[in-house]
Structures are given as C-alpha cells and as structure tokens.
Undergrad: 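Sending over a structure as structure tokens; questions will come in a sec.
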Amino acid sequence: MRLGTAFGTTALRFCDMNKETSKTTESQLLELLKKVLPKATHDPKLAGRIFAAVELELKAKSRLNSFEKFCARVEVPDLEEKTLAELKGQLATSFGDADVTLKPNRKEKSLAVEIALPDGAQFSGEIRVNPNAGALNEEDEAPVAKFIPFPVCLPGDKELVWMLARRETLSPQEGAIALTKAEEEFWGSKTGQKLLRDRVERIFPEFIARVPSGMLTEMGLKRHYKTPEAIKSLRGVKRS
C-alpha cells in the first residue's frame with residue numbers, strides 16, 4: 001500500500017491532532033503570561049523580551065514533541081522513491097518553511113529523517129519500514145477537528161473581507177492570535193526577509209497572499225482565497 005492512501009491519511013491526521021492540542025495549550029499559556037508579566041515587572045522592554053523568549057521556547061518544544069511522536073508512531077510501507085517523495089511533501093507541509101532530508105537505510109529497513117527550520121532549529125529521527133503500514137487502527141481513526149469559517153478584515157476597511165478558516169477547536173480570539181503569530185513568523189522567515197529586501201511592503205494583504213499554506217495549517221488556519229472580497233449587500237436585490 002502506498003503512502004498516499006490510508007497511510008498518508010493516518011500520518012497527516014496524527015500531525016494535525018498533535019498540533020491542535022499543543023497550539024490550544026500554548027495559546028492559553030501565552031495569554032496568561034500577557035496578564036502576569038505587567039504585574040511582575042514595570043519594565044515593558046524586559047516584559048517583551050521575556051514573552052518573546054517563552055514564546056520561542058514553547059514553539060520549539062511543541063515542534064520537537066510533534067516530530068518525536070510522529071517518528072515513533074508512523075511507519076512507511078517501503079523505501080521506494082514515490083513513497084519518500086510523498087512523505088517529504090507531507091513533512092514539509094506540516095512543518096512549514098523547513099528543509100526536509102530523508103536518508104533511507106535499506107539494509108536496516110529504516111528511514112532517517114532530518115528537518116532544518118528557518119530559525120536554526122534542527123530535528124532528527126528515524127522511521128521504521130513496515131509493509132503493512134497502510135492498516136488503520138481504532139486510535140488512528142479519531143476525527144480531526146474540522147475547519148469552520150473565519151472571515152477577517154482590517155480595522156480601517158471592514159467591508160473588505162478575507163475568507164479564511166480555523167479549526168473548530170480554536171476560538172475566534174485564539175484564531176486571531178494564531179494569525180498574528182503566523183504573520184510575524186512569515187516576515188521573520190527566509191522567504192519573508194527576502195521579500196522585504198525586494199521592497200515588498202510588510203502589510204497584511206501581502207502576507208496573506210504569499211504565506212505558504214503549510215504555515216497556516218500549522219497554526220490551525222486555512223486560506224480559501226489569496227485576495228479579499230467586498231461584502232455584498234442583498235438590499236434591493238429583486239427576487240424572481
């Protein structure tokens with residue numbers, strides 16, 4: 001059985017479930033930290049540095065845990081080029097703007113996985129080869145949180161709307177926090193920095209049109225269209 005059928009669904013489902021749980025917990029911790037820091041120190045710069053450091057550490061820990069659990073539980077049916085290409089694509093989607101390297105060991109029937117993130121973090125692990133990797137068990141069949149509508153607009157133009165979606169496990173506020181975080185990470189990535197050097201404006205419309213879909217998915221978000229739509233009023237529309 002090839003990676004793109006039952007196994008592929010299982011792999012992506014596991015990544016999504018693991019991330020949604022960690023993202024919700026992470027958002028709650030960061031929101032709590034925002035309330036506590038001003039009470040602990042009256043130095044806004046110090047509070048900002050502490051918040052940024054904790055945010056980076058939570059993100060790094062979450063990604064490492066997701067990667068380790070993925071390698072421990074997921075197996076590939078074989079080491080054929082098509083299987084490796086599909087797995088590489090899934091990992092690239094799950095971890096966003098990252099370099100993925102796969103090193104098959106046919107003698108040991110295993111696959112070494114290396115992931116290098118734009119912020120310099122590197123993960124390495126090993127995935128087992130199992131010809132029966134396509135079989136799904138009851139635990140793997142647990143449903144993934146669905147995407148629900150999440151339209152957003154800019155404060156200065158509330159009639160121009162971007163049609164996005166968020167996981168139903170995220171509240172609107174958590175979705176907004178995740179979107180803001182994704183924008184910050186995008187402009188801080190290699191791709192974002194190159195765009196800024198090429199004189200692309202650091203504004204929301206440019207971000208939402210250029211951000212990789214994998215980066216949004218990692219945050220529990222989804223982009224339906226890259227351009228906004230004006231709200232259409234139904235007043236005066238004649239019914240047939």
Undergrad: Decide side chain to side chain contact (heavy atoms under 4.5 Å, CB included) for Leu221 and Phe147; before the verdict, give the C-alpha distance in whole Å, the side-chain angles of both, and the deciding distance to 0.1 Å.
TA: CA-CA 8 Å; Leu221 303 171; Phe147 280 108; 5.5 Å; no
Undergrad: Are Arg202 and Phe207 in a cation-pi contact, defined as NZ or CZ under 6.0 Å from the six-membered ring centre and within 45° of the axis?
TA: no
Undergrad: Just do the side chain to side chain contact (heavy atoms under 4.5 Å, CB included) check on Glu114 and Phe123 with the steps written out, would you?
TA: CA-CA 6 Å; Glu114 297 177 359; Phe123 306 144; over 6 Å; no
Undergrad: Answer yes or no: is there a side-chain heavy-atom contact under 4.5 Å between Val74 and Arg128?
TA: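 Sidechains of Arg128 and Val74: no contact.
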Undergrad: Is any side-chain heavy atom of Leu154 less than 4.5 Å from a side-chain heavy atom of Leu160?
TA: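 The answer is no, as the side chains (C-beta and beyond) never meet within the 4.5 Å cut-off.
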Undergrad: Give the minimum heavy-atom separation between Gly220 and Leu170, together with the two atoms involved.
TA: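 Answer, listing the atom of Gly220 first, then Leu170: O-CD1, 3.7 Å.
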Undergrad: Looking at Val54, is its backbone amide N or carbonyl O close enough to the side chain of Glu57 to form a donor-acceptor pair, meaning the two atoms are under 3.5 Å apart?
TA: no
Undergrad: If you apply the rule side chain to side chain contact (heavy atoms under 4.5 Å, CB included), what do you find for Asn130 with Val76, and how did you get there?
TA: CA-CA 6 Å; Asn130 180 1; Val76 291; over 6 Å; no
Undergrad: So does Met219 get a backbone contact from the side chain of Arg166, meaning a donor-acceptor N/O pair under 3.5 Å?
TA: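 No.
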Undergrad: Can you tell me how far the CD atom of Glu81 sits from the CG atom of Leu102, to the nearest 0.5 Å?
TA: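 Nearest 0.5 Å value for the CD-CG distance: 12.0 Å.
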Undergrad: Should Glu31 and Gln173 count as side-chain neighbours, where that means a heavy-atom distance under 4.5 Å?
TA: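 The answer is yes; the side chains approach within 4.5 Å.
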Undergrad: Heavy-atom distance under 4.5 Å between the side chains of Leu79 and Thr83, does that happen here?
TA: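 Result no, sub-4.5 Å side-chain heavy-atom pair not found.
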Undergrad: Report whether Met163 and Ile148 are members of the same hydrophobic cluster (ILVMFWY, side-chain heavy atoms less than 4.5 Å apart, transitive linking).
TA: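 No, Met163 does not connect to Ile148 through the hydrophobic network.
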Undergrad: Work out which heavy atom in Val161 is nearest to a heavy atom in Pro151; give both atom names and the distance.
TA: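 Minimum heavy-atom separation between Val161 and Pro151: CG1-CB, 3.5 Å.
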Undergrad: For the atom pair CD (Glu218) and OG (Ser213), what is the distance rounded to the nearest 0.5 Å?
TA: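 Rounded to the nearest 0.5 Å, the CD-OG separation comes out at 11.5 Å.
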Undergrad: Any chain of hydrophobic side-chain contacts (each under 4.5 Å) joining Ile208 to Leu196?
TA: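 Shared cluster, yes.
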Undergrad: Atom CD in Gln122, atom OG1 in Thr101: separation rounded to 0.5 Å?
TA: 9.5 Å
Undergrad: So which heavy atom on Leu37 is nearest to which on Ala47, and how close?
TA: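 Here Leu37 and Ala47 meet closest at CD1-O, 3.4 Å.
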Undergrad: What's the shortest heavy-atom distance between Leu164 and Arg223, and which atoms?
TA: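 Between these two residues, the closest heavy atoms are CD2-CA, 3.9 Å.
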Undergrad: Between Lys88 and Asp99 (salt bridge meaning N to carboxylate O under 4.0 Å), is one present in this structure?
TA: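 Looking at Asp99 together with Lys88, the answer is no, because their closest N to O distance does not fall below 4.0 Å.
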Undergrad: For residues Leu195 and Phe186, report the shortest heavy-atom separation together with the two atoms involved.
TA: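 Heavy-atom minimum between the residues: CD1-CZ, 3.6 Å.
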Undergrad: Return yes if some donor-acceptor pair links the side-chain N/O of Thr180 with the main-chain N/O of Ala176 below 3.5 Å, else return no.
TA: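 Flag set: sc Thr180 to bb Ala176 pair under 3.5 Å.
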Undergrad: So, do Phe51 and Leu46 sit near enough that their side-chain heavy atoms are less than 4.5 Å apart?
TA: no
Undergrad: Under 3.5 Å, side chain of Gln193 to main-chain N/O of Trp187, donor-acceptor pair present?
TA: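 Here the side-chain-to-backbone pair exists.
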Undergrad: Can you give me the closest heavy-atom contact between Lys158 and Cys153, atom names plus distance?
TA: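 Between these two residues, the closest heavy atoms are CA-SG, 3.8 Å.
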Undergrad: Between Ser110 and Asn105, do the side chains contain an N or O donor and an N or O acceptor separated by less than 3.5 Å?
TA: no
Undergrad: Taking only Lys NZ, Arg NE, NH1 and NH2, and the carboxylate oxygens of Asp or Glu, determine whether Lys146 and Glu168 approach each other closer than 4.0 Å.
TA: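 Result for this pair is no, no salt bridge flagged.
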Undergrad: For the pair Thr227 and Trp162, evaluate side chain to side chain contact (heavy atoms under 4.5 Å, CB included) and give the outcome as yes or no after the intermediate values.
TA: CA-CA 7 Å; Thr227 55; Trp162 280 267; 5.7 Å; no
Undergrad: Within a strict 4.5 Å, meaning less than it, do heavy atoms of the Leu87 and Ile127 side chains meet?
TA: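 Result yes, sub-4.5 Å side-chain heavy-atom pair found.
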Undergrad: Got a donor-acceptor contact below 3.5 angstrom from the Asp198 side chain to the Val200 backbone?
TA: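 No: the side chain of Asp198 does not pair with the backbone of Val200.
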